[in-house]
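Attaching a single structure in structure tokens format; questions to follow.
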Amino acid sequence: MGFEIASEVEQLIDAVNLLGSAIKSLKQEPSGHEYIYPITLSFFSALFGVLLGYLIVWLQEENKRIKKAIDDANFWIFAASDCFSNLSSIKHKYIDSLTDEPLQRCLIKVIPFHFPDLDVNVTNLAFIAPKTHPPNTPVGELGFDSITPINAMFRNYNILLAQWRHRNELVRPLLKKIIDEHHTGGNRARVSQVEILKSIGPIKLADLISETEQAISRTDENLQKLSDFLAEFPRIAKTAIVNSSKYYSIREALGFRISIIKINQDPTKLERILKRVPVDPEKLKVRTSYVQPIVETM
């Protein structure tokens, strides 16, 4: 009985040993792939995270740059619109009362205004001019894709306001003197050229004519320049921003838009305000034509 039990135990142990050997034979020896794969996955995951972070930062900086360019472009468009409105309001005060006679023109009444000078610093528009122009190119031949004519336009605006202020200072006492000596009632006087020359003198009269003619002529020139800028610059600015933006087509597909202000002007009013004041060069040259202007002061 004991022998039989021992024999069964030995058979059971042998069976267990065989089973263990069978299990061991099923297990494969570890290969290098089992170690390389998780290491490679971790490396590329870390690299992807770094690249993604860099891309996000780059996009944020690029968006800031584009937004600043849009804001700068819109700022100067609004500034040009204000300048155009200011000069239009000045011209409206004499546009219907001028002839081509210099003596009559110089005696238009004082034109009051309180427009501040513009702080001109257009260096923030450098993004519109990635290309260079030939050296010594005249400003008049440069378009609004260059900072130089834009800077000149706004500086000329300030110079023109100063000229109108100076003209007002010249004409105010002269008109008062003429009316005090030749008034026909109220602030009116009917005078001849001879009487005008006698009242204010040929030197002062020549200075007043020169200053008035320059102010009138430059007002027309500045209005035309500002109108051209308002019509052309929005397109130029948008094109420059698009060209300087990498992968703009992708941004546009994702809903990104460049919002450049376009100020629409009434064609009829624009035509009227841009119509140049008549000038007769011969009359301006000799300044001797006889007139009897109606002179009014403020």
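Hydrogens, waters and symmetry mates play no part in the numbers below; they use all other heavy atoms, side chains included. Count residues from 1 along the sequence.
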Item to check | Atom pair CG (Asp72) and NZ (Lys67), whose distance is rounded to the nearest 0.5 Å | outcome: 10.0 Å
Checklist entry - After noting the C-alpha distance and the side-chain angles of Phe127 and Leu125, does the key distance pass the side chain to side chain contact (heavy atoms under 4.5 Å, CB included) rule? => result CA-CA 5 Å; Phe127 67 89; Leu125 293 180; 3.9 Å; yes
Checklist entry - For Lys198, does the NZ atom have more than 12 heavy-atom neighbours from other residues, nucleotides or ligands under 6.0 Å away? => result no
Checklist entry - Between Asp117 and Leu161, is there a donor-acceptor pair closer than 3.5 Å when you use the side chain of the first and the backbone of the second? => result no
Checklist outcome for this item: In terms of heavy-atom contacts, Leu230 and Gln265 come closest through CD1-NE2, 3.9 Å
Next on the checklist: Do Tyr157 and Phe115 make a side-chain contact, defined as non-hydrogen atoms from C-beta onward lying under 4.5 Å apart?
Outcome noted: yes
Checklist outcome for this item: Distance col, row His92:NE2 vs Leu87:CG, nearest 0.5 angstrom, shows 11.0 Å
Next on the checklist: Between Ser88 (side chain only) and Phe84 (backbone N and O only), is there a donor and an acceptor less than 3.5 Å apart?
Outcome noted: yes
Item to check | Heavy-atom side-chain contact between Thr219 and Val277 under 4.5 Å | outcome: no
Next on the checklist: Return the CD1 to CD1 distance between Ile90 and Ile111, rounded to the nearest 0.5 Å.
Outcome noted: 7.0 Å
Checklist entry - So, Phe233 versus Trp76, ring centres under 6.0 angstrom or not? => result no
Checklist entry - For Lys93, does the NZ atom have more than 12 heavy-atom neighbours from other residues, nucleotides or ligands under 6.0 Å away? => result yes
Item to check | Heavy-atom pair of closest approach, residues Asn124 and Lys68 | outcome: CB-NZ, 4.1 Å
Next on the checklist: Could you check whether any side-chain heavy atom of Ile178 comes within less than 4.5 Å of a side-chain heavy atom of Leu107, counting everything from C-beta outward?
Outcome noted: yes
Next on the checklist: Are Tyr94 and Phe113 linked, directly or through intermediate hydrophobic residues, by side-chain heavy-atom contacts shorter than 4.5 Å (ILVMFWY only)?
Outcome noted: yes
Next on the checklist: Taking the side chain as everything from C-beta on, heavy atoms only, tell me whether Phe75 gets closer than 4.5 Å to Ile70.
Outcome noted: no
Checklist entry - What are the two closest heavy atoms between Leu270 and Ser227, and how far apart are they? => result CD1-OG, 3.7 Å
Checklist entry - Would you say the side-chain atoms of Arg105 pair up with the backbone N or O of Thr99, donor to acceptor, closer than 3.5 Å? => result yes
Item to check | Check: Gln214 main-chain N/O paired with Ser217 side-chain donor or acceptor under 3.5 Å | outcome: no
Checklist entry - Does any non-hydrogen side-chain atom of Asp220 lie less than 4.5 Å from one of Lys91? => result yes
Item to check | Interatomic spacing from CZ in Arg218 to CD in Gln163 - rounded to 0.5 Å | outcome: 4.5 Å
Next on the checklist: Strictly distance-based, threshold 3.5 Å: is any side-chain N or O of Asn158 a donor or acceptor partner for the main-chain N or O of Leu118?
Outcome noted: yes
Checklist entry - Is a side-chain donor or acceptor of Gln104 paired with a backbone partner of Ser97 at a separation under 3.5 angstrom? => result yes
Item to check | Beyond-backbone contact of Ile95 with Arg272, side-chain heavy atoms, under 4.5 angstrom | outcome: yes
Checklist entry - Under the 3.5 angstrom rule, does the side chain of Asn151 hit a backbone N or O of Ile147 as a donor-acceptor pair? => result no
Checklist entry - Would you call Arg235 and Ile260 a side-chain contact if the rule is heavy atoms closer than 4.5 Å? => result no
Next on the checklist: How close do Thr212 and Arg167 get, counting heavy atoms only, and between which atoms?
Outcome noted: OG1-NE, 3.2 Å
Checklist entry - What's the spacing between Leu160 CG and Ile216 CD1 if we round to 0.5 Å? => result 11.0 Å
Next on the checklist: Tell me whether the count of non-hydrogen atoms from other residues, nucleotides or ligands lying under 6.0 Å of CG in Asp266 goes above 12.
Outcome noted: yes
Next on the checklist: Applying a strict under-4.5 Å side-chain criterion to I, L, V, M, F, W and Y, I'd like to know whether Ile159 and Val120 cluster together.
Outcome noted: no
Checklist outcome for this item: Ile128 and Ala237 have their tightest heavy-atom pair at CG2-CA, 4.5 Å
Checklist entry - Do you know which two heavy atoms are closest between Ile108 and Val171, and how far apart they sit? => result O-CG2, 4.0 Å
Item to check | Residues Asp228 and Gln224: side-chain donor-acceptor under 3.5 angstrom | outcome: yes
Checklist entry - Would you say the side chain of Leu174 lies within less than 4.5 Å of the side chain of Leu205, judging by non-hydrogen atoms? => result no
Checklist entry - Between OG of Ser85 and CD1 of Ile263, what distance do you get to the nearest 0.5 Å? => result 8.0 Å
